[in-house]
Amino acid sequence: MNESDSIELIVGLANGDGKLLISQPLDEFLNGNRSIPILNAYTGRKLFDILVDDLGVIRYKDNKLALTTIIQLDTYNTAMRLLGKIAEAVIVRRCHDDENINKTWFSIARRKNAKSDTARRFQALGTGLMKTKDIWPQRYNPSDPQRDIIWVDFKKGSIANMKGSTSMDGLEAGLQVKVSGDGCKYFLNDLYNIRYEVPVVYFDINNDFDVVACKLIEYRQNINESRICINEDLISAKATDFDAYQEVCYYVDLVMGLLDGRLKPEDLVNEAEKYSSLMNAVSAASLEGFGIGTKMLH
C-alpha cells in the first residue's frame, strides 16, 4: 500500500446517499477537541432536555430560548459547576431507567450491598433537579453541601439511611457528585479534611482519578488516618457506570460552546433535528470500547 492509499479512522456524519458531510479523525475526537456539529447531532437534544427539564437553565425569555445560568468570569469554572448538575441528572435518570444501575448506586450510597427487593423500593432523587422541586419539594435543595442524590421510598415517604444508621440518627444515604478536569485543585483538600459524610462520585474528564486517589492515600498514611477508603468514600464514575461517564464527557464541549457563545440554546435542538435522519460514519457503538475522556487546556 502506497502513501496515497493510507487509511485513517474518522468519525463523521453522512447523508442517506453515503456522502460524508462532516468528519473528524477518530483519535482527535476521542482525545482532543471534538467537533461541535458532530457532538451536537449525536447528543445535543439529550443535553437540551437536561438543561430544560432537569435544571431549568434554558428558558423562554423575550420570546426566545435563553441560557439563564450565571456565568462567572472564569468560564471553565462555570462549565464544571453546570456539568456537576448535569452529571447528577444523568445518574438519576439512569437509575430510573435500569434497576441494576439503581442497585449499584444505591449500594454505594448506603455503603452496603443492597438486596434487589430493597433497591426496587427506593428511587433516586436529585436534590438540585427541577423534577424534585415538583414532586418532592421538601427535598429540593440545589445548594445542599452534602447530598446531590438521595434515595426515597415513595410509598412510605422515607429516606434511605446509610449502613448502621437509623431514622433517629438522621445519617441519610446519598452521593456527592463532582466533575472536573483537575480533581487535585478542585476538591482534594475537601477530601483531606473529610468534609463529606457521603461517597464522592468523581467524573474525571481528564482521567486523573488515580492521581487524586494516590494523593489521598498518601496524605492519610502520613497522618496515620485510615477513615478514607478508595471505592467507598471516593468513587470513580468511569469504573462504576462507564456509559454515564461517557455521556457527561460528550457534554463538556457542548457546554463550553454554550457558555462562550459558539452555540445558542436553540442550536441543540435545531442541529440535532437537522441531522436526525443522517447516519454516523462511525457508529456510536464502535466508540464504546475506547477510553473516552476530554483533554481540557485549563
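In what follows, every heavy atom counts, from backbone to side chain, and hydrogens, waters and symmetry copies are set aside. In what follows, residues are counted from 1 in the order of the sequence shown.
- Side chain of Glu88 to backbone of Thr127: a donor-acceptor contact under 3.5 angstrom is found.
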Open item on the list: Does Arg262 form a salt bridge (Lys or Arg N to Asp or Glu O under 4.0 Å) with Asp267? I'd like the steps, not just the answer.
Closed with: CA-CA 10 Å; Arg262 286 176 293 155; Asp267 292 336; over 6 Å; no
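- Residues Ile159 and Trp151 are not in side-chain contact: their nearest non-hydrogen atoms beyond the backbone lie 4.5 Å or more apart.
- Atom CG of Asp190 has more than 12 heavy atoms from other residues, nucleotides or ligands within 6.0 Å.
- In this structure, the side chains of Phe154 and Ile135 come closer than 4.5 Å at one or more pairs of heavy atoms.
- Atom-to-atom distance recorded for Asp148:CG and Asn141:CG is 10.0 Å, nearest 0.5 angstrom.
- Looking at heavy atoms from C-beta onward, Glu99 lies in side-chain contact with Arg120 at the 4.5 angstrom threshold.
- In this structure, Leu65 and Lys264 have side chains that are not in contact, with every pair of non-hydrogen atoms separated by 4.5 Å or more.
- For the pair Lys46 and Asp49, the salt-bridge criterion is not met [side-chain N within less than 4.0 Å of a carboxylate O].
- Looking only at distances, a side-chain donor or acceptor of Arg110 sits under 3.5 Å from a matching main-chain atom of Asn161.
- Closest non-hydrogen pair, Ala237 versus Val201, comes out as CB-CG1, 3.8 Å.
- Atom CG of residue Asp53 and atom CE of residue Met130 lie 10.0 Å apart, to the nearest 0.5 angstrom.
- The closest side-chain heavy-atom distance from Ile235 to Tyr202 is not below 4.5 Å.
- Side-chain N or O atoms of Gln123 include none that pairs as donor or acceptor with a backbone N or O of Val152 at under 3.5 Å.
- Considering all non-hydrogen atoms of both residues, Gly157 and Trp136 come closest at CA-CH2, 3.6 Å.
- Residues Val52 and Ile50 share a single hydrophobic cluster, defined by chaining ILVMFWY side chains whose heavy atoms lie under 4.5 Å apart.
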- [ ] Kindly indicate, with the supporting measurements, whether the criterion side-chain contact (heavy atoms from CB on, under 4.5 Å) is fulfilled by Thr78 and Val255.
- [x] CA-CA 9 Å; Thr78 303; Val255 168; over 6 Å; no
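- Atom OH of Tyr245 is separated from atom CG of Asp241 by 12.5 Å, given to the nearest 0.5 angstrom.
- Formation of a donor-acceptor pair under 3.5 Å by the Asp153 side chain with backbone atoms of Lys155 is found in this model.
- For the atom pair OG1 (Thr118) and CG (Asn113), the distance works out to 11.5 Å, reported to the nearest 0.5 Å.
- Here the side chains of Ile101 and Asp243 are not in contact, with every heavy-atom distance at 4.5 Å or above.
- When each of Leu175, Thr132, Asp144, Leu125 is checked for a side chain to side chain contact (heavy atoms under 4.5 Å, CB included) with Ile150, only Leu125 meets the rule.
- Note on ring orientation: taking the six-membered ring where Trp is involved, the planes of Tyr250 and Tyr42 are perpendicular (angle over 60°, cut-offs 30° and 60°).
- The existence of a salt bridge linking Asp233 and Arg111 is confirmed by a sub-4.0 Å separation between a basic side-chain nitrogen and an acidic carboxylate oxygen.
- Checking Lys103 against Ser116 by side-chain atom types alone, a donor-acceptor pair falls below 3.5 Å.
- When atom types are taken as modelled, the side chain of Asn193 and the backbone of Asn189 share a donor-acceptor pair closer than 3.5 angstrom.
- Annotation: side chain of Ile108 is not in contact with side chain of Asn231 (no heavy-atom distance under 4.5 Å).
- Remark: Arg139 CZ to Leu129 CG distance equals 13.5 Å, nearest 0.5 Å.
- By the criterion of side-chain heavy atoms lying less than 4.5 angstrom apart, applied directly or through intervening Ile, Leu, Val, Met, Phe, Trp or Tyr residues, Val57 is grouped together with Tyr76 in one hydrophobic cluster.
- In this structure, Leu9 and Pro25 have side chains that are not in contact, with every pair of non-hydrogen atoms separated by 4.5 Å or more.
- Using a 4.0 Å cut-off between charged side-chain N and carboxylate O, Asp98 and Arg94 make no salt bridge.
- Residues Asp134 and Tyr140 have side chains that never bring a donor and an acceptor to within less than 3.5 angstrom of each other.
- For the atom pair NZ (Lys156) and CZ (Phe122), the distance works out to 7.5 Å, reported to the nearest 0.5 Å.
- Using cut-offs of 30° and 60° on the angle between ring planes, the pair Tyr192 and Tyr219 is parallel.
- By the rule that hydrophobic residues join a cluster once side-chain heavy atoms approach within less than 4.5 Å of another member, Val211 and Tyr186 end up as members of separate clusters.
- Residue Tyr196 forms a side chain to side chain donor-acceptor pair (under 3.5 Å) with just one option from Lys178, Gln146, Arg147, and that option is Lys178.
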